Amino acid sequence: MATVTVDMRFCERKSRITVTLRDDGDLDLHIDTDCDSVRAYCLNLGSIITIEDVTDKENSRILDPKITEPLTMTCMTPLGIINAAWLELGMLSRSRADKVGENTMVFHPEK
């Protein structure tokens, strides 16, 4: 099981994403969120994702415009799902993830 928290401070919303590898090779997806848009996205996406969903940008349901329709373009939840899945699948180093703790995006003030 791998868990990632997406903290969208800009809109003051959080999503806790948990992905668990199933015996059949697919992944169970659970998202706990305080965002109505992410809840709608979750309904569109469903609770099971495939390896292809996290490795094939062109055909990924996670990134499908019809499925992501409730989200803004800036929402990081889809990337949070992909990162959690990559951790669960061993495609990202868990020890490295534990060491770095988080990835961040910094908004720089205009000068």
Side-chain angles (χ1 to χ4, degrees):
M1 175 174 63
T3 301
V4 170
T5 298
V6 174
D7 184 358
M8 293 292 298
R9 291 195 263 174
F10 208 91
C11 59
E12 299 178 346
R13 299 286 184 233
K14 285 188 181 183
S15 297
R16 184 177 170 90
I17 301 160
T18 302
V19 175
T20 307
L21 184 61
R22 299 160 43 117
D23 290 338
D24 65 5
D26 287 341
L27 300 140
D28 285 322
L29 172 65
H30 176 75
I31 301 178
D32 182 29
T33 186
D34 59 0
C35 177
D36 291 337
S37 296
V38 171
R39 281 189 203 100
Y41 167 66
C42 290
L43 288 174
N44 291 349
L45 183 58
S47 62
I48 299 172
I49 55 176
T50 67
I51 301 294
E52 291 76 22
D53 289 329
V54 300
T55 59
D56 183 356
K57 282 184 192 179
E58 189 174 308
N59 297 302
S60 173
R61 291 175 35 258
I62 296 165
L63 303 173
D64 184 322
K66 292 175 185 155
I67 292 174
T68 61
E69 189 275 328
L71 304 176
T72 65
M73 290 287 291
T74 58
C75 182
M76 296 189 298
T77 300
L79 293 179
I81 294 169
I82 292 168
N83 276 268
W86 277 42
L87 272 173
E88 178 66 356
L89 294 168
M91 296 167 62
L92 284 177
S93 165
R94 192 173 296 269
S95 62
R96 178 74 176 144
D98 290 345
K99 184 176 180 178
V100 299
E102 66 183 14
N103 284 330
T104 58
M105 180 181 303
V106 178
F107 294 99
H108 295 276
E110 280 189 43
K111 294 186 181 204

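Source: prediction; values computed, not measured. In this chain, residues are counted from 1 in sequence order.
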More than 12 heavy atoms of other residues, nucleotides or ligands under 6.0 Å from CE of Met91: yes or no?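 Yes, enclosed.
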
Original post:
Just by distance, do the side chain of Asp64 and the backbone of Arg61 share a donor-acceptor pair under 3.5 Å?
Top reply: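 No, because the side chain of Asp64 does not come within donor-acceptor range (under 3.5 Å) of the backbone of Arg61.
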
Quiz question: by atom type and distance under 3.5 Å, do the side chains of Asp53 and Thr50 form a donor-acceptor pair?
yes

**Study point:** Thr72 vs Ser37, side-chain contact (heavy atoms from CB on, under 4.5 Å): CA-CA, chis, key distance, verdict
**Key:** CA-CA 8 Å; Thr72 65; Ser37 296; over 6 Å; no

For residues 10-25, please give each side-chain donor-acceptor pair under 3.5 Å, one per line with the distance, not counting sequence neighbours.
from  : atom 1 : to    : atom 2 : distance (Å)
Ser15 : OG     : Thr33 : OG1    : 2.8
Thr18 : OG1    : Thr3  : OG1    : 3.1
Arg22 : NE     : Asp24 : OD1    : 3.2
Arg22 : NH1    : Asp28 : OD1    : 3.1
Arg22 : NH2    : Asp24 : OD2    : 3.0
Asp24 : OD1    : Asp26 : N      : 2.9

Note to self: Listing request: all side chain to side chain donor-acceptor pair (under 3.5 Å) pairs with a residue in residues 99-111, at least two apart in sequence or in separate chains.
What the structure shows: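 Those involving residues 99-111 do not exist here.
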
Where is the tightest heavy-atom contact between [X] and [Y], given as atom of each residue plus distance?
X     : Y     : value
Ser93 : Leu87 : O-CD2, 3.9 Å
Ile49 : Ala85 : CD1-CB, 4.4 Å
Met8  : Thr74 : CE-O, 3.5 Å
Ile67 : Asn44 : O-ND2, 3.1 Å
Trp86 : Val54 : NE1-O, 2.7 Å

(request) In sequence, state the C-alpha distance, the side-chain angles, and the governing distance for Glu88 and Arg94, and then conclude on side-chain contact (heavy atoms from CB on, under 4.5 Å). (result) CA-CA 8 Å; Glu88 178 66 356; Arg94 192 173 296 269; 3.6 Å; yes

Distance col, row Asp56:CG vs Ile62:CD1, nearest 0.5 angstrom, shows 11.0 Å

State the CG-CG distance between Asn83 and Leu92, to the nearest 0.5 angstrom.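 Here the rounded value is 5.5 Å.
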
Handout entry: Residue pair Leu29, Leu27: steps toward the side-chain contact (heavy atoms from CB on, under 4.5 Å) verdict
Key = CA-CA 6 Å; Leu29 172 65; Leu27 300 140; over 6 Å; no

With side-chain contact (heavy atoms from CB on, under 4.5 Å) as the test, would you mind laying out the steps for Ile81 and Ile31 before giving the verdict? CA-CA 9 Å; Ile81 294 169; Ile31 301 178; 3.7 Å; yes

*Decide yes or no for Ile82 and Leu63: does some side-chain heavy atom of the first lie under 4.5 Å from some side-chain heavy atom of the second?*
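Side-chain contact under 4.5 Å: yes.
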
field: Any side-chain heavy-atom pair of Pro78 and Tyr41 under 4.5 Å
entry: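 Yes, their side chains come closer than 4.5 Å.
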
Same cluster (ILVMFWY, side-chain, under 4.5 Å), Val100 and Met105: no

**Request:** Look at the side-chain heavy atoms of Ile, Leu, Val, Met, Phe, Trp and Tyr, link any pair under 4.5 Å apart, and say whether Val6 and Phe107 land in one connected group.
**Result:** yes

